[in-house]
There are 2 protein chains.
Amino acid sequence: MTTPDGHPTWTIAQLADEFEITHRTIRHYEELGLITPERRGTVRVFHRRDRTRLALILRGKRIGFPLDEIRTIIDMYDEQPGEVGQLHYLLEQIAERRVELEQRRADIEQTLRELAVVEERCHADLRTLRR
Amino acid sequence: MTTPDGHPTWTIAQLADEFEITHRTIRHYEELGLITPERRGTVRVFHRRDRTRLALILRGKRIGFPLDEIRTIIDMYDEQPGEVGQLHYLLEQIAERRVELEQRRADIEQTLRELAVVEERCHADLRTLRR
DNA sequence: CTTGACGTTGACGTAAACGTAAAGCACGAT
DNA sequence: ATCGTGCTTTACGTTTACGTCAACGTCAAG
């Protein structure tokens, strides 16, 4: 589906299908102000921007962020230049998110290392049992 | 606090303090079977094993796993050798967790890269504004 | 011996993130 | 004309992860 001026658009069902979520989920994100699809009459029309934001939301969820925090993160992507105070605030936010993300990455890597240990123990046990 | 045989133990308040969580949280984890402190009469006595599991639970939470999944993960650490079927099941579980963890790590790294871009744009805007 | 400090068990409350009907337009096809 | 398909809103239900009393036990100190 494309709009008269050549930009692609999506229906709620198409996006739900593509991202393997329900339309209810998409509506929920809209209620929370995470996406703001156009309305043609009563019907929602999703543009590329909405699709992108949806993808960002889902990635945020996979990482484990709450929707609330996800909004502040993806809103940073869209931020207009603005004034100096705004920019400094944004830089602060970025710094905070970075700390969180790096903490999470460290936790994940530690867990991966430990899983490797357990796995090796498993293989060792299997070798023992085979005799 | 130490037990007569020289092993250190903790009270619920000590662990709550140390990990900066509430006693209610600890009790919640016990209700879900994530930790099983000893009972001396009615009172909970936490051993090193409980403390370790608590730390693992909190790390799992930081990563973003639900408590349910956290249990299956930390239970793997304690798994006794067992029989061949068990071991293969455990290896399967490990493989699944690894996939999840690597997906999350990739998501985090992607987000970190994008934040860096936004950050650079911020700095550029600031430089522009200074003239 | 009563007063705290710390422990315990219910049991109801709440916030987040949707699930799940129920009921109703709109519109193209039969 | 009505039937199905897809979209809509309204609104209550559910799960997870605890928060928050309330009410009571226990033990050392004053």
Side-chain angles (χ1 to χ4, degrees), chain A residues 1-3 9-47 50-51 53-75 100 104 107, chain B residues 1-3 9-47 50-51 53-75 100 104 107:
Chain A
M1 289 187 179
T2 53
T3 172
T9 66
W10 290 264
T11 71
I12 194 168
Q14 287 172 337
L15 288 185
D17 263 34
E18 177 177 351
F19 290 107
E20 300 189 287
I21 55 185
T22 69
H23 69 287
R24 179 65 182 87
T25 299
I26 296 180
R27 278 195 43 230
H28 184 56
Y29 296 158
E30 186 185 358
E31 283 172 12
L32 298 187
L34 283 146
I35 44 180
T36 51
E38 186 199 337
R39 293 302 183 110
R40 227 160 260 172
T42 161
V43 168
R44 275 168 261 256
V45 177
F46 294 81
H47 294 259
D50 303 307
R51 212 183 87 107
R53 287 179 70 97
L54 199 45
L56 289 175
I57 293 168
L58 297 178
R59 196 175 68 198
K61 286 204 53 186
R62 282 198 304 274
I63 295 179
F65 282 115
L67 292 178
D68 221 35
E69 205 165 341
I70 291 177
R71 176 175 35 209
T72 83
I73 295 178
I74 63 181
D75 279 350
E100 271 190 83
R104 269 165 216 229
D107 285 328
Chain B
M1 288 185 181
T2 53
T3 172
T9 66
W10 291 265
T11 71
I12 195 168
Q14 288 173 334
L15 288 185
D17 262 34
E18 177 177 351
F19 290 107
E20 300 189 288
I21 56 183
T22 69
H23 69 286
R24 179 65 181 86
T25 300
I26 296 180
R27 276 193 43 225
H28 184 57
Y29 295 158
E30 186 184 358
E31 283 171 13
L32 298 186
L34 284 148
I35 44 180
T36 51
E38 187 199 336
R39 292 303 182 112
R40 229 159 258 171
T42 161
V43 167
R44 274 168 262 254
V45 177
F46 295 82
H47 294 259
D50 302 307
R51 213 183 85 107
R53 287 179 71 99
L54 199 44
L56 290 174
I57 293 167
L58 296 178
R59 195 175 70 198
K61 284 204 55 188
R62 283 198 304 274
I63 295 179
F65 283 116
L67 292 178
D68 220 37
E69 204 166 341
I70 291 178
R71 175 174 37 210
T72 82
I73 295 177
I74 64 181
D75 279 350
E100 271 190 83
R104 269 166 216 230
D107 285 328

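Just so you know, these numbers use all the heavy atoms, side chains as well, and skip hydrogens, waters and symmetry mates. Remember, it's a predicted structure, so these values are computed and weren't measured experimentally. Every chain is numbered from 1 and lettered A, B, ... according to where its sequence line falls, protein lines coming before strand lines.
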Send over the distance from B:I57 CD1 to D:dA17 P, rounded to a whole Å.
11 Å
How long is the line joining CD of B:Q14 and C1' of C:dA5, in whole Å?
14 Å
OP1 or OP2 of C:dT8 sitting under 4.0 Å from any side-chain N/O of B:R44?
yes
For atom CD1 of B:I70 and atom C1' of D:dC18, their distance in whole Å:
13 Å
Can you measure B:L34 atom CG to D:dT16 atom P for me and round it to whole angstrom units?
13 Å
Between B:I35 (CD1) and D:dC18 (P), how many Å, whole number?
12 Å
From CZ of A:R71 over to P of C:dA16, roughly how many Å is that when rounded to an integer?
10 Å
Among D:dT9, D:dA17, D:dC7, the one nearest any side-chain atom of A:V43 is D:dC7
Return the OH to NZ distance between A:Y29 and A:K61, rounded to the nearest 0.5 Å.
4.0 Å
Using a cut-off of less than 4.0 Å, is there contact between a side-chain N or O of B:K61 and OP1 or OP2 of D:dC18?
yes
B:R27 CZ to D:dT20 P, straight-line distance once rounded to whole Å:
14 Å
Check whether any side-chain nitrogen or oxygen of B:T11 sits under 4.0 Å from OP1 or OP2 of C:dG7, and answer yes or no.
yes
Can you tell me if A:T25 touches the phosphate of C:dA17, counting only side-chain N or O atoms and a distance under 4.0 Å to OP1 or OP2?
no
Is the shortest side-chain N to carboxylate O distance from A:D75 to A:R53 below 4.0 Å?
yes
So, is the end of the A:R59 side chain (NZ or CZ) under 6.0 Å from the ring centre of A:F65 and within 45° of the ring's axis?
no
Let's see if you can work this out: which of D:dT8, C:dA17, C:dT8 has an atom nearest to the side-chain heavy atoms of A:T42?
D:dT8
With a 4.0 Å limit, can you tell me whether A:R39 has a side-chain N or O closer than that to the phosphate oxygens OP1/OP2 of D:dC7?
no
Should we say atom CD of B:E20 is surrounded by more than 12 heavy atoms from elsewhere, each under 6.0 Å from it?
no
Is there a side-chain polar atom (N or O) of A:Y29 under 4.0 Å from OP1 or OP2 of C:dA17?
no
A:R44: which of A:H23, A:E30, A:E38 passes side-chain hydrogen bond (donor to acceptor under 3.5 Å, both in side chains):
A:E30
Considering heavy-atom distances to DNA chain D, does A:V45 or A:R24 have its closest nucleotide positioned more toward the 5' end?
A:V45
Taking any heavy-atom pair under 4.0 Å as a contact, classify B:L32: base, sugar-phosphate, or nothing.
nothing
Do NZ/NE/NH1/NH2 and the carboxylate oxygens of A:E100 and B:R62 come within less than 4.0 Å?
no
Heavy atoms from C-beta onward define the side chain here; which of D:dC18, C:dC18, C:dT8 lies closest to that of B:H28?
D:dC18
Out of C:dG7, D:dA17, C:dT9, which nucleotide sits closest to the side chain of B:A13?
C:dG7
Without decimals, in angstroms, what is the distance between B:W10 CH2 and C:dG7 P?
15 Å
On DNA chain D, more 5' by nearest nucleotide between B:H23 and B:L67 is B:L67
